[in-house]
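Keep in mind that the numbers below use all heavy atoms, side chains included, and drop hydrogens, waters and symmetry copies. Quick note on labels: first sequence line is chain A, next is B, and so on, each numbered from 1.
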Amino acid sequence: MPAEGTTAPRAGETTGAPMVETEARAVSAPAGRAAGGTGRIAKVGVIGAGVMGAGIAAHCANAGVEVVLLDLVAGAAARAVQTMGRADPAPFMHKGAARLITAGDLADGLPLLADCDWIVEAIIERPDSKRALYAQLDAVRRPGSVVSSNTSTIPLAALLEGASENFRRDFLVTHFFNPPRYMRLLEVVTGPDTRPEALATITEFSDRALGKTVIPCKDRPGFIANRIGGMWIQSAINHAQDLRLSIEEADAVMGRPLGIPKTGVFGLLDLVGLDLMPHVASSMKASLPADDAYVLGMRDNALIARLIAEGRTGRKGGKGGFYTRTKDEAGTSLKRAIDLWTGEDRAEEKPVLESLEAGRKDLRKLVAHPDRGGRYARAVLLDTLGYAASLVPEVADDLASVDAAMRLGYNWTYGPFELADRLGPANLASMLREAGRPVPPVLERVGAGSFYREEAGRLQVFGLDGEYRDVSRPEGVLLLADIKRGAKPLARNGAASLWDIGEGVACLEFHTKMNALDPEVMALIGKAVAMGTKGAFRALVIHNEGENFSVGANIGLALFAANIAAWGEIEGLVEAGQKALRALRHAPFPVVGAPSGMALGGGCEVLLHCDAVQAHSETYMGLVEVGVGLIPGWGGCTTMLRRWAEAPRAPKGPMPPVAKAFEMISTAQVAKSAFEAREMLLLRPTDGITMNRDRLLADAKRRALSMVEGYQPPEPKPIRLPGASGRAALRMAVDQQAALGRATPHDIVVCEHLATALTGGKRDHTEETTEEELLRLERQSFMALLKTPATLARVEHMLETGRPLRN
Amino acid sequence: MPAYAAPLRDMRFVLNEFADIRRLQALPGCAEMQPDLVDPVLEEAAKLCQEVLFPLNRSGDEEGCLIENGVVRTPKGFPEAYAAFRDGGWAALACDPAYGGQGLPKAVSVLFEEMMCSANLSFGMYPGLSHGAYSALSKHGTDELKDRYLPKLVSGEWTGTMCLTEPQCGTDLGLIRTRAEPNGDGSYSITGNKIFISAGEHDLAENILHLVLAKLPDAPPGTRGISLFLVPKFLPTDDGRPGARNALSCTSIEHKMGIKASATCAMSFDGATGWLVGRPHKGLSAMFTMMNAARLSVGVQGLGLAEVSYQNAVSYAKDRLQGRALNGAAEPDKPADPILVHPDVRRMLLTMRAGIEGCRALAMLTAIEQDVATRHPDPAEREAADDYVQLMTPIIKSFLTDMGWEATATGMQVLGGHGYIREWGMEQFVRDARIAQIYEGTNGIQALDLVGRKLGAHGGRYLRRFFHPVLAFIEAKGDDERMAEFILPLGKAFGRLQQCTAEVARRGLGDPFEAGAAASDYLRLFALTALAHTWARMAEVALDRQAGEEAGFYRAKLATARFFMQRLLPETGALSAAIMAGGATMREFEDAAF
């Protein structure tokens, strides 16, 4: 495979749920509409069914367009589609997406491309192969269709040698990152002949339909992200060896203190594959000038060569890489780490460095620390930030694009210029001078200032001309971070805030750790309802720009309260939560939830109480309470019953909704995308899905405004439930699972309580159950479970390990 | 001259009647913990303490220890007393039978410890430190080290020490400077200075085993870089006799307020040979396993001294005739009434008694949980018991030693001027009691341990082991009218404790200063609530037995329980108010104004 995509998603490996970058300072290309409007993309062709090509095809299918996927090897495209159906993290957002892909062989499939609006080439990184393919494409493609290459190393000019006039006009480079569904960066390079409309069409489609942040790049090797990222990796390896750091130390220093994913550098290489390194190096060496700092820093690394030769290319190979896992005689898993100096494996050790402690919050303290961790951070940052600063305007015209590329392409929390601001540009410049290194002009020029500043509530970035300009947002993008800058909230407490987002719409933001819901959040929801009822705003959006919408109720708080037997307080909190969410549901104004990332447990329940939801496609919803031995207690059971009871195509009668809700809640099912959430009725068919995270708030706001006119809150309605006989049926189903060894002893207890809450307790199915009664049952079951030691053990285990306890 | 009689009746009460003795008997190796086996042990222990150790208490205090050319001499009679202790097999009481121990549970040995502390705390220091060394070595030492050294500690032939403190570091052990260099043969060369080493040098035993905290050459900074070493005074020969003198010495002994017969040594290690105990850099956690046991023992020191002070205060109050009872003469035929008739004297004596008996019961509960934590076959039971021990350790250490200091001072007060002069022995108890609030982690540190480490551990799981059973008890006895006078105040204190626990945890999350500001008051609130629980349970036992044999004993128990509930427990209200007031007044006071 070509040396594509040097990164993978930051998380997901531990939680099973993929995550997306959330930094709000994303910059997208100006959409270039002025150049003549954009064409529609209804069908996409992808050539090359390797990891990148297949992933791009899958993601286009996620966007709902028809896709043709072709490969040179007979049957390879069809196999790739099949494999992707089982892959984790999943390239597809839902099962139906796969059916949009027509797989074929290049040998006879070219005619399938005739009606494609966009053809993406993602074949082997050889100019001659690519050029030969382009000639074939040119023959079959429809006039005006756009062709792009996913190359990461070959200059656009080289690709177009001998190409037709029309082809040159319709051609550009679109560089996706791996995996294409999850990585939000798309680097785009145009040539001198590229039609502005071709760029505009692809930008528009990639932004809105694929959800990418499109960064225009110059036609330089590695574009932005891999050029700087590659330099960083190289520097981080070299200095770790020179300064004799252990790989654990190196990764710990590179990780959290710098705002880089905790895999650091060696963990990252294990993740993406060590064998990528020589490929990247040789292609950079071939295409960059010999005096480029990247090339000058290259060295033959005997250790990496040896590991590759031994097949230890990282996690995917199964033999590990820098880190390995083995088992001792007793079968306990041992984590081992390689010693960079001796090349021998030894037990992994938690790094202990004073600099790590000192630099936990302050990057300046880290780089100023005299120990090897501090010296390491300083050396790598001088290389990387100095190099990045020297590349403007070579690779891009503006600093914000460089930062955005590193955030979105490498999952850094801060781009290089943002990191420079954290160090202080003047401080960085003087460190460079001390080290006898050149100070790049842009760094000289910014002097004692910073690369970013806030001016009259707006974020501005330093330009090469020495002027500050507003950081631009693509048209229609509304970011809460921008709104908050310089504004005062309508209401606020330690856990949540209420913001005016214009046109009479308010936005309720959670801002607790991991956006866990606690009594303060519920209090602010209550306050927002009261304010809205009094007319402080016309509609409410519930949204935040955290990594996750909400991971659920603060179970740490609940566990502590349970441990001190504060039962009355806990029940009071459950009830207060129920009240707040019911008030939200019955408020006299429309409420729209706008989640992205995880919306689990209580976070999911908040959304279930909204009048409408506009979800980011990467939203992972689920009522997962049974994982910690509880059941949804904030109306989750009640609302799910109603969802299924009112679903148009669902079977009628009191039992089917109960069975559906029971199945979903008792197995803690989590939707792996907004589309899956829709299939599970966690979202209604009428709820919207936004592919681009940056456009979520604007879409939600539009949705909310559209509901204002003539808005009527839903009336509380009683529901007919199956009662004791239904409970008996659920009990039988659970017993069956237990007999098959699929339910643990405590699963059975939890299911018993869940069944009680869902079937209406002791009532007979001839009677109707009111919402109040259902909520009381939820509360009762919740409290009963919280008093069991097995539930407390589950909660504790989840808090301490992040994994469910199967007891 | 003071007197001491071991409070065997009350000891049997807490062990056999108050505590759930079946829980103890169900443990492996504890089936025989029946009164007919335990009582003779306690009686023999009482004899040793009353007849051998107690008579040396005052003379030991007057004489103190002497150092000459690095040789420390304990006061007259101490070597002979130690020989009697050793030959009686007392060092082996709670040790593993595999190394010659008798395998008695902590629940029994804790009673012996109390007696020793009442009789002669200075003397008790020597075997006490040995037992600490025994615990650390038996838990973390290699088989080779254990085989070589444990039998000697168990037999009492050799004694042990814990060498932590250095001139520049007491509480903050991260600052340790003592170094350990590998010798290449598996042993290490230890170099550095230690101070405040109890039993560091003496003439009671033929060899002394020092457990020394030191840093290896590649040690990470701070407390995560400390290792534990065994460094004997004499390197043992192959047949287990003291051989060549190791390169270590006692350079001086401290002059101090109390426990004068306990040698508190400054030790110098000059390339002394030692062996690693436990894993490299993990010495502090190895040391902590024995420190938890040691902290419980220090708590019992406070209890023991309070007890002996109480006994002497009572006999003085009965004999001393001064003034007349406020409501008319009690013994008109005598020139004056005994001072026992005066309400304030009764207040003092009952305060001492309620503290002593409540603490004895609390120590027993914790000792039994220690036994469960080490002996129970079910890991879940062991975990639950260990949680309880972890939680109660700082409370026992701190509250029992505070109680010891307050009670001995009160006992001295009962004697008036005679308490202040040496002759009656009462002032020695006060002086001896004072150190227990300081060493083994000051009581302030204990409070920080409680709020900083124990409260939040595992989401508050340690707390569950106290709050759930106590609430269950309150709920179970809620309808029992006879119990109402005990349950109502207990419930009130429990509610205050719940509220303050939630509040301290909440504030501490965002602001550690607030947790620190609340710590000592919170620990005391916790301890009083725990005591209220033990008193309510003791009252329940006594209620059923007050008409039978020994009616006097049970009626006194009930009366003391009532005194505790009505006169001592209300302090929880003041403590809770102080805690809820927060730490602003302490934070905002200007440093320069101090």
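In this structure B:Arg496 satisfies the side chain to side chain donor-acceptor pair (under 3.5 Å) test together with B:Thr572, sequence neighbours excluded. Remark: A:Phe782 engages no residue in a ring pair (Phe, Tyr, Trp, His ring centres under 6.0 Å) (not counting sequence neighbours).
When the heavy atoms of residues 347-358 of chain A are compared with those of chain B, the residues falling under 4.5 Å are A:Lys350, A:Val352, A:Glu354, A:Glu357, listed by number.
Within the 3.5 Å criterion, the main-chain N or O of B:Arg464 finds no donor-acceptor partner in the side chain of A:Asn563. In this structure a side-chain-to-backbone donor-acceptor pair under 3.5 Å is present from B:Gln498 to A:Ala565.
A:Ala562 touches chain B through its backbone: at least one of N, CA, C or O sits under 4.5 Å from a heavy atom, while the side chain does not. Heavy-atom distances place the side chain of B:Arg224, and not its backbone, under 4.5 Å from chain A. Heavy-atom distances place both the backbone and the side chain of A:Leu559 under 4.5 Å from chain B. Contact annotation for B:Leu471: only side-chain heavy atoms (C-beta onward) come within less than 4.5 Å of a heavy atom of chain A.
A 6.0 Å sphere centred on CZ of A:Arg256 holds no more than 12 heavy atoms belonging to other residues, nucleotides or ligands. Heavy atoms from other residues, nucleotides or ligands lying under 6.0 Å from CZ of A:Arg325 number 12 at most. Shown here is A:Arg346, whose CZ atom has more than 12 heavy atoms of other residues, nucleotides or ligands within 6.0 Å. For B:Asp479, the CG atom is loosely surrounded, since the number of other residues' heavy atoms within 6.0 Å does not exceed 12. Counting heavy-atom neighbours within 6.0 Å of B:Arg587 CZ, excluding the residue itself, gives a total above 12.
Within the structure, every pair that satisfies the ring-ring contact (aromatic ring centres under 6.0 Å, His included) test and touches residues 488-511 of chain B, not counting sequence neighbours, is listed here: B:Phe467-B:Phe494.
Rounded to the nearest 0.5 Å, atoms CD (A:Glu796) and NE2 (B:His458) are 6.0 Å apart. From B:His468, atom NE2 reaches atom CG of A:Leu792 across 6.0 Å, with rounding to the nearest 0.5 Å.
Residues A:Phe560 and B:Thr501 meet the side-chain proximity criterion, which asks for heavy atoms closer than 4.5 Å.
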